[in-house]
Amino acid sequence: MAGLSDEPDRQAVHAHLLELQDRICMALEEADGRQRFGEERWEREGGGGGRSRILRDGAVFEQAGVGFSRIHGAGLPAAATAHRPDLAGRGFEATGVSAVLHPHNPYVPTAHMNVRFFAADKTWSGDDAVWWFGGGFDLTPYYPFADDVRAWHQQARQACEPFGPDVYPRFKRWCDDYFYLRHRGETRGIGGLFFDDLAEWGFPRCFEFLRRVGDAFLAAYLPIVERRRGIPFGDRERQFQLYRRGRYVEFNLLYDRGTLFGLQSGGRTDSILMSLPPVVRWQVGWHPEPGSPEERLERDFLHPRDWLTFGEPPG
């Protein structure tokens with residue numbers, strides 16, 4: 001356990017995350033070119049609140065959600081104490097920004113980013129206060145482009161490089177393990193970074209890592225949007241996109257810890273579930289045609305591998 005020795009600057013984290021939400025929304029509005037984000041501010045009965053922003057029916061994004069929340073309370077929900085029973089009954093604060101982007105064009109991947117900070121109070125019996133950072137980003141393509149995947153993971157590696165050579169492999173592997181649909185035997189997409197309970201470097205360095213991850217998200221995603229947004233598509237590609245979106249829904253409702261924490265802690269339900277795609281379909285027993293791009297996605301892109309050299313010619 002780390003995060004016991006130095007006092008975190010909660011207000012600095014709060015201010016940074018508000019600015020990050022603003023910056024992401026401005027960049028996405030510019031990329032979309034048609035629609036702007038609407039905002040709803042909400043308050044939580046147990047303490048705290050947030051601001052949820054949604055862009056719908058844009059030129060690029062069918063739906064894009066970018067949410068900020070800062071909640072606090074006298075006791076943690078079961079989702080937060082299941083793997084940390086020592087935190088049961090403590091006062092807490094949880095703040096974060098999350099973004100989930102669902103494009104119209106099936107050739108543009110869905111993208112997700114989350115960065116968050118958590119702090120639990122000292123107990124009456126003298127147990128120390130505890131804090132940590134968590135988050136990451138991951139990409140869910142519907143059609144296979146090796147250069148997009150390499151570029152995405154190159155940005156992830158660059159974000160990690162100042163913190164040591166083991167950080168990218170460690171958090172890349174954690175992402176592969178976390179965004180895995182066990183009942184399907186496949187990953188949600190091609191991964192990226194995932195980290196949690198990060199306090200081992202001390203507050204200033206952990207906070208800097210959080211900032212770098214948030215900055216790397218747009219640097220990784222927007223060039224992919226620009227490369228793919230103009231590719232023509234038809235009903236076949238659209239139907240496959242909707243089918244694969246079903247996997248996204250399955251993961252978020254069955255496995256995602258943030259969804260469970262938000263619902264159990266009394267967060268705003270619409271804000272918590274804004275990560276779900278606006279249109280989706282399920283089809284039992286469907287399989288892609290042999291040799292098709294859809295088969296290549298499921299065969300080659302939905303299993304963990306070294307993406308930094310994926311698809312490059314040998315030698």
Side-chain angles (χ1 to χ4, degrees), residues 60 99-103 105-114 135-182 184-195 209 212-231 233 236-237 240-241 243-248 250-251 255 287-315:
V60 173
V100 182
L101 316 176
H102 293 291
N105 191 321
Y107 290 106
V108 181
T110 285
H112 160 257
M113 187 278 300
N114 172 267
F137 51 70
D138 66 288
L139 193 71
T140 304
Y142 303 101
Y143 281 88
F145 293 100
D147 51 345
D148 291 351
V149 175
R150 287 196 306 271
W152 179 262
H153 277 270
Q154 286 163 0
Q155 287 288 343
R157 181 177 61 179
Q158 289 174 20
C160 296
E161 279 178 339
F163 303 87
D166 64 318
V167 174
Y168 167 73
R170 173 184 165 196
F171 292 162
K172 184 265 186 192
R173 184 169 56 250
W174 201 346
C175 189
D176 291 337
D177 292 343
Y178 181 73
F179 291 105
Y180 186 74
L181 287 83
R182 295 188 294 274
R184 297 285 188 183
E186 64 185 34
T187 54
R188 188 170 81 172
I190 56 86
L193 301 173
F194 180 87
F195 63 99
F209 183 71
R212 288 186 65 92
V213 169
D215 292 345
F217 172 65
L218 289 177
Y221 185 58
L222 292 181
I224 297 174
V225 172
E226 291 306 310
R227 282 197 295 272
R228 307 303 171 197
R229 62 184 293 176
I231 299 177
F233 67 93
R236 167 184 170 148
E237 293 82 7
F240 184 65
Q241 177 196 48
Y243 171 75
R244 290 301 314 177
R245 281 180 175 179
R247 301 291 205 268
Y248 206 92
E250 289 177 21
F251 178 86
Y255 300 119
H287 298 285
E289 295 179 10
S292 67
E294 294 85 358
E295 184 199 44
R296 184 174 177 233
L297 177 89
E298 296 192 352
R299 184 190 68 225
D300 296 340
F301 283 69
L302 301 181
H303 307 281
R305 62 173 72 232
D306 177 6
W307 297 111
L308 291 170
T309 59
F310 178 68
E312 290 185 340

Point to revise | Partners meeting side-chain contact (heavy atoms from CB on, under 4.5 Å) with C175 (sequence neighbours left out) | key: D138, F179, F194
Study note, to complete from the structure: Rounding to 0.5 Å, atoms OG1 (T110) and CZ (R247) come to a distance of 14.5 Å
Review point. Do you know the tightest heavy-atom contact between F251 and Y178?
Key: CE1-O, 3.2 Å
Exercise for review: Would you kindly check if the NZ (Lys) or CZ (Arg) of R228 is within the cone defined by 45 degrees around the ring axis of F145 and under 6.0 Å from the six-membered ring centre?
Suggested key: yes
Review point. What's the spacing between H153 NE2 and I190 CD1 if we round to 0.5 Å?
Key: 4.0 Å
Review point. Going by heavy atoms in the side chains, are R236 and E294 under 4.5 Å from each other?
Key: yes
Review point. Can you check whether L193 reaches C160 side chain to side chain, under 4.5 Å on heavy atoms?
Key: yes
Review point. Does H112 reach the main-chain N or O of T140 with its side chain, forming a donor-acceptor pair under 3.5 Å?
Key: no
Review point. Given the side-chain rings of F137 and Y221, with only the six-membered ring counted for Trp, is the space between their centroids under 6.0 Å?
Key: no
Check your understanding: So how far is it from Q154 CD to T309 OG1, rounded to the nearest 0.5 Å?
Key -> 10.0 Å
**Study point:** Within 45° cone of W307 ring axis and under 6.0 Å: R305 NZ or CZ
**Key:** yes
Study note, to complete from the structure: When every non-hydrogen atom of A146 is compared with those of F301, the smallest separation belongs to N-CZ, 4.2 Å
Check your understanding: Do E298 and E295 come within less than 4.5 Å of each other through their side chains, counting heavy atoms only?
Key -> no
Check your understanding: Would you call D176-K172 a salt bridge at under 4.0 Å N-O?
Key -> yes
Exercise for review: Report the distance from atom CD of Q241 to atom OH of Y107, rounding to the nearest 0.5 Å.
Suggested key: 11.0 Å
Check your understanding: Less than 4.5 Å apart, any side-chain heavy atom of Y143 and any of F233?
Key -> no
Review point. Looking at E186 and R244, does any basic side-chain N land under 4.0 Å from a carboxylate oxygen?
Key: yes
**Study point:** Shortest non-hydrogen contact from P141 toward P109
**Key:** CA-CB, 3.7 Å
Practice item. Could you check if a side-chain atom of F171 sits within less than 4.5 angstrom of a side-chain atom of F163, using non-hydrogen atoms only? Key: no
Check your understanding: Relative to F310, does R150 satisfy both conditions: NZ or CZ under 6.0 angstrom from the six-membered ring centre, and within 45 degrees of the ring's axis?
Key -> no
Point to revise | CD1 on I224 to CG on D147, rounded to 0.5 Å | key: 8.5 Å
Review point. Would Y142 and E237 count as a side-chain contact (heavy atoms from CB on, under 4.5 Å) if you check the C-alpha gap in whole Å, the side-chain angles of each, and the deciding distance to 0.1 Å?
Key: CA-CA 9 Å; Y142 303 101; E237 293 82 7; over 6 Å; no
Review point. Can you tell me how far the CZ atom of R157 sits from the CH2 atom of W152, to the nearest 0.5 Å?
Key: 15.5 Å
Practice item. For the pair T187 (side chain) and Y180 (backbone), establish whether a donor and an acceptor sit closer than 3.5 Å, ignoring hydrogens and angles. Key: no
